[in-house]
Asks: 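The structure under discussion is supplied below as structure tokens; questions concerning it will follow.
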There are 2 protein chains.
Amino acid sequence: MKNNIRIYRAIHNLTQEELARKISVTRKTVNSIEGGKYNPSIDVAYKMAKLFNVTIEELFCFEDEENNNEEDESLP
Amino acid sequence: MKNNIRIYRAIHNLTQEELARKISVTRKTVNSIEGGKYNPSIDVAYKMAKLFNVTIEELFCFEDEENNNEEDESLP
DNA sequence: GCCATATGTAACATATGTTACTCTTTTAGA
DNA sequence: TCTAAAAGAGTAACATATGTTACATATGGC
């Protein structure tokens with residue numbers, strides 16, 4: 001699932017570590033979610049969205065994430 | 001975390017099983033989330049919100065869930 | 001009361017999100 | 001270039017969400 005964390009982090013001028021501290025998770029969690037390694041829990045998603053003053057839907061891109069292959073390394 | 005699943009389910013006239021099938025989870029998952037047994041994953045939350053045509057924030061009540069005790073049995 | 005449907009719930013197994021620890025790589029600045 | 005901050009990442013351990021299966025309870029119509 002793609003997301004706009006990096007963008008909103010830039011807008012609010014926060015490092016991954018600062019963001020992590022503000023929402024009470026580790027920097028690795030922010031790093032992994034921002035990099036799309038895994039999806040956030042709904043709590044973490046909400047805390048981030050609230051901090052950035054946007055909705056969860058604005059921060060994370062759900063739309064057509066079901067039928068893609070999250071990497072292009074499998075393409076011919 | 002409280003939620004309005006039961007209400008929106010009633011509005012859309014769906015049983016737990018029908019809702020479950022529409023969002024590709026089991027009835028137990030719907031039942032457990034609706035009953036507040038655990039929080040949904042962000043995917044399930046999104047699918048429900050999309051089906052009911054509301055935002056995740058409208059469907060689930062995050063606001064002051066940190067400092068409550070999720071039951072009123074502890075009240076005097 | 002009897003029956004069908006809807007809902008609540010338990011034990012266990014599996015999948016996924018999060019942390020702690022550590023290390024490497026990239027980026028920005030003097 | 002050298003340095004430090006920032007970001008990317010691997011692993012193991014743990015917490016939580018979800019599925020499977022089965023059974024119990026409620027509710028309404030006959």
Side-chain angles (χ1 to χ4, degrees), chain A residues 1-52 55-57 59-74, chain B residues 1-52 55-57 59-62 64-73:
Chain A
M1 178 193 306
K2 288 192 174 65
N3 63 75
N4 302 316
I5 297 174
R6 186 180 301 267
I7 295 171
Y8 284 107
R9 215 161 45 72
I11 293 173
H12 290 259
N13 197 35
L14 292 173
T15 66
Q16 291 181 342
E17 183 146 24
E18 290 167 335
L19 169 57
R21 202 172 305 120
K22 282 179 181 290
I23 64 176
S24 303
V25 297
T26 64
R27 184 179 69 82
K28 171 128 181 81
T29 296
V30 168
N31 180 284
S32 299
I33 294 172
E34 178 172 315
K37 293 286 181 271
Y38 51 73
N39 296 336
S41 69
I42 197 166
D43 297 287
V44 172
Y46 174 73
K47 286 179 183 174
M48 275 196 194
K50 188 177 179 185
L51 179 66
F52 292 146
T55 65
I56 295 176
E57 285 87 350
L59 191 53
F60 297 93
C61 312
F62 300 88
E63 285 315 328
D64 36 60
E65 296 293 321
E66 291 87 25
N67 53 350
N68 68 357
N69 31 22
E70 71 232 7
E71 301 290 342
D72 30 350
E73 57 200 354
S74 62
Chain B
M1 178 193 306
K2 288 192 175 64
N3 63 75
N4 303 315
I5 297 173
R6 186 180 301 267
I7 295 171
Y8 284 106
R9 214 161 45 73
I11 292 173
H12 290 258
N13 196 34
L14 293 173
T15 66
Q16 290 182 343
E17 183 145 23
E18 290 167 336
L19 169 56
R21 201 172 306 121
K22 281 178 180 291
I23 63 176
S24 304
V25 296
T26 63
R27 183 178 70 82
K28 166 137 184 68
T29 296
V30 168
N31 181 283
S32 298
I33 294 171
E34 179 172 314
K37 293 285 181 279
Y38 49 72
N39 295 338
S41 70
I42 198 166
D43 296 288
V44 173
Y46 173 73
K47 286 178 182 174
M48 274 197 196
K50 187 178 181 186
L51 179 65
F52 292 145
T55 64
I56 295 176
E57 286 86 350
L59 191 52
F60 297 94
C61 312
F62 300 89
D64 36 58
E65 295 295 319
E66 291 86 25
N67 53 350
N68 69 356
N69 29 25
E70 72 230 10
E71 300 290 341
D72 31 351
E73 57 201 353

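So you know, we letter chains A, B, ... as the sequences are listed, proteins then strands, and number each from 1.
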Asks: Measure all distances between protein nitrogen or oxygen atoms and nitrogen or oxygen atoms of nucleotides 25-30 of chain C, and list the pairs falling under 3.5 Å.
Replies:
none

Asks: Let me see the working for Ser32(B) and Thr29(B) under side-chain hydrogen bond (donor to acceptor under 3.5 Å, both in side chains), right down to the final yes or no.
Replies: CA-CA 5 Å; Ser32(B) 298; Thr29(B) 296; over 6 Å; no

Asks: Please report the distance, rounded to the nearest Å, between CZ in Arg21(A) and P in dA6(D).
Replies: 10 Å

Asks: Suppose we call a contact any N or O donor and acceptor under 3.5 Å apart; does that hold for the side chain of Arg27(B) and the base of dG19(D)?
Replies: no

Asks: Rounding to an integer number of Å, can you tell me how far Glu17(B) CD sits from dT21(D) P?
Replies: 14 Å

Asks: Please determine whether a side-chain nitrogen of the Lys or Arg among Glu34(B) and Arg9(B) lies less than 4.0 Å from a carboxylate oxygen of the Asp or Glu.
Replies: yes

Asks: Nearest-Å distance, CE (Met48(A)) to C1' (dT18(C))?
Replies: 12 Å

Asks: Taking the inter-plane angle between the rings of Tyr46(A) and Phe62(B) on a 0 to 90° scale, is it parallel (under 30°), tilted (30 to 60°) or perpendicular (over 60°)?
Replies: parallel

Asks: Let me know, please, whether Thr15(A) or Tyr38(B) comes out on the 5' side of the other along DNA chain D by nearest nucleotide.
Replies: Thr15(A)

Asks: Atom CD1 of Ile33(B) and atom CG of Leu19(B): how far apart are they, to the nearest 0.5 Å?
Replies: 9.0 Å

Asks: Starting at the 5' end of DNA chain D and moving along, which residue's nearest nucleotide shows up first, Val30(B) or Asn31(A)?
Replies: Asn31(A)

Asks: Taking the side chain of Gln16(A) as its heavy atoms from C-beta onward, which of dT21(D), dG8(C), dA7(D) lies nearest to it?
Replies: dA7(D)

Asks: If I take atom CG in residue Asn39(B) and atom C1' in nucleotide dA15(C), what distance separates them, rounded to the nearest angstrom?
Replies: 17 Å

Asks: Does a side-chain N or O from Ser41(A) land closer than 4.0 Å to OP1 or OP2 of dT18(C), or not?
Replies: yes

Asks: Using OP1 and OP2 only, check whether a side-chain N or O of Arg9(A) sits under 4.0 Å from dA7(D).
Replies: yes

Asks: Separation of Asp43(B) atom CG from dT18(D) atom C1', in whole Å?
Replies: 12 Å

Asks: Under a 3.5 Å distance rule, please check whether Asn39(B) uses its side chain to pair with a backbone N or O of Ile42(A) as donor and acceptor.
Replies: no

Asks: Looking for any heavy atom pair under 4.0 Å, which part of the strands does Lys37(B) touch: base, sugar-phosphate only, or nothing?
Replies: sugar-phosphate

